[in-house]
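What follows is a single structure, written as structure tokens, with notes after it.
Note that the coordinates shown come from a computational prediction; the quantities given were computed from them, not determined experimentally. Protein chains get the first letters and strands the later ones, always in sequence-line order, with residue 1 at the start of each.
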Amino acid sequence: MKRIIFVVLLGFSGATLAEGGMLQGSCAACHNTKGPATQTLKTAFEKKGPDLFYAGNKYRQEWLVSWLQKPGRIRPAGMYYGGHIKAGAKGDEIDASTLTDHIALSKADATSVAAELMKMKPHDDLIAKEKIEPGTIPKQMGEMAFTKFLGCMACHLIEPEYGGLSGPELYTAAKRLQPQYMSSFIRSPQAWEPKSMMPNKNLSEVNIQKMVHYLETLSKENANAN
Amino acid sequence: MPTKLVLLLLLAAFSVQAQAKETPADNYKAYCVQCHGSDGTGKGVNVRDMTVVPRDHTDAKAMSGRSDETLFKAIKEGGPSIEKSILMPPWGATLSDEEIKELVQHLRMLCKCKFG
């Protein structure tokens with residue numbers, strides 16, 4: 001039986017490699033590359049990596065090219081934290097033995113995969129609704145809002161050793177993500193992923209802008225991270 | 001025959017709804033465990049740097065001090081709606097009212113307690 005599945009898989013990956021290259025081949029083994037977004041928690045729990053079918057609306061191309069060659073962990077507790085925790089002395093802690101590393105690509109592969117990813121833009125409609133006002137926010141003000149007034153630190157790191165662990169680290173967010181995507185996702189995570197672990201905190205427009213500016217400030221400070 | 005068809009349609013509509021609704025156990029696992037912990041005692045993977053410790057859902061004394069309506073409001077609108085921490089976010093855009101009601105009953109099961 002296993003052999004049959006293997007042959008089928010081989011046949012499948014051969015066909016997809018011919019059609020969509022590496023993206024629809026090996027990437028699709030762990031990422032949702034075709035959409036639609038996950039509609040049930042059962043499938044959300046099994047996710048191995050972020051959805052890529054809207055990568056062109058989400059990521060910065062230059063970051064993709066560099067990260068794919070030297071991939072580092074962005075989500076301290078993996079894609080779904082529940083699959084990577086164990087009971088520790090002080091409560092739940094990350095079970096690092098269950099986390100797997102992303103494969104590294106050659107420069108040529110990283111460049112071509114990133115170019116393919118950037119073509120995937122099914123959510124231009126959501127992006128078009130966003131307008132990022134130019135501006136900055138003093139780091140301390142942003143941090144105050146992030147931690148004390150908005151509570152984002154519950155789930156996100158704003159520096160390598162400060163913040164929550166179930167969500168993706170945010171001190172590299174603006175390096176990774178397009179500003180309109182950040183504001184759109186903060187505005188309504190469920191518009192992108194109905195089963196997102198991120199709640200809609202009903203932020204005002206002013207606060208959304210503030211957070212995007214704060215994330216940009218943070219990423220500039222952490223120029224060497226990821 | 002038309003009656004059968006109506007029944008069939010009703011059944012189809014119902015099963016779509018049933019598919020969309022998650023179980024309280026799964027919702028708890030997805031959204032609550034990150035802070036309230038896999039055993040519900042408030043020691044989730046996120047708590048290390050928190051200034052306010054998440055509620056221990058197994059604490060019958062504390063949990064019996066909150067009505068079902070208060071718990072519903074806290075889940076739907078977030079901690080500040082019941083004058084508690086901003087670190088507890090609103091889940092109203094994630095969960096339906098029915099799912100939140102079931103989650104409240106799930107909390108009652110964890111604390112083995114009722115209001116009052």
Discussion item. Counting only heavy atoms from other residues, nucleotides and ligands, does the tally under 6.0 Å from NZ of B:Lys101 exceed 12?
Written reply: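 At most 12 heavy atoms, drawn from other residues, nucleotides or ligands, come within 6.0 Å of this atom.
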Discussion item. If you count every heavy atom of other residues, nucleotides or ligands that lies below 6.0 Å from A:Lys195 atom NZ, does the total exceed 12?
Written reply: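 Count over threshold, so yes.
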Discussion item. Is there a side-chain contact (heavy atoms from CB on, under 4.5 Å) between A:Met153 and B:Leu87? Walk through the geometry before answering.
Written reply: CA-CA 8 Å; A:Met153 66 72 67; B:Leu87 298 177; 3.7 Å; yes
Discussion item. If I take atom CG from residue B:Asp49 and atom CG from residue A:Leu165, how far apart are they, to the nearest 0.5 angstrom?
Written reply: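 Reported value, rounded in 0.5 Å steps: 8.0 Å.
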Test your reading of the model: is there a side-chain donor-acceptor pair from [X] to the backbone of [Y], 3.5 Å cut-off?
| X | Y | answer |
| --- | --- | --- |
| A:Tyr81 | B:Gln34 | yes |
| A:Asp92 | B:Ser38 | yes |
| A:Asn200 | B:Ala93 | no |
| B:Asp26 | A:Leu41 | no |

[X] versus [Y], closest heavy-atom pair with distance:
| X | Y | result |
| --- | --- | --- |
| B:Ala30 | A:Met197 | O-SD, 3.1 Å |
| B:Ile86 | A:Thr147 | CG2-O, 4.4 Å |
| B:Pro90 | A:Asn202 | CG-ND2, 4.2 Å |
| A:Ser166 | B:Val45 | CB-CG1, 4.4 Å |

Discussion item. Is there a side-chain contact (heavy atoms from CB on, under 4.5 Å) between B:Tyr31 and A:Met198? Walk through the geometry before answering.
Written reply: CA-CA 8 Å; B:Tyr31 307 112; A:Met198 165 120 159; over 6 Å; no
Item to complete: Give, as side chain, backbone, both or neither, the part of A:Ser188 having an atom under 4.5 angstrom from any heavy atom of chain B.
Response: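 Neither part, no heavy atoms under 4.5 Å.
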Worksheet item: Checking A:Phe45 against chain B: side chain, backbone, both or neither under 4.5 Å from a heavy atom?
Response: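 For A:Phe45, side-chain heavy atoms alone lie under 4.5 Å from chain B.
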Fill in: Greatest number of heavy atom pairs closer than 4.5 Å to chain B - which of A:Pro189, A:Gly163, A:Pro76
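Among the listed options, the one with the most contacts to chain B is A:Gly163.
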Practice prompt. Output the option from A:Gly91, A:Pro199, A:Ser196, A:Gly151 having the highest count of non-hydrogen pairs under 4.5 Å with chain B.
Written response: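 Looking at each option in turn, the highest pair count goes to A:Pro199.
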Worksheet item: Any side-chain donor paired with an acceptor under 3.5 Å for A:Gln190 and B:Thr94?
Response: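 A donor-acceptor contact under 3.5 Å links the two side chains.
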Item to complete: Decide, yes or no, whether a salt bridge links B:Arg48 with A:Glu161 under the criterion of side-chain N to carboxylate O below 4.0 Å.
Response: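 Salt bridge present between B:Arg48 and A:Glu161.
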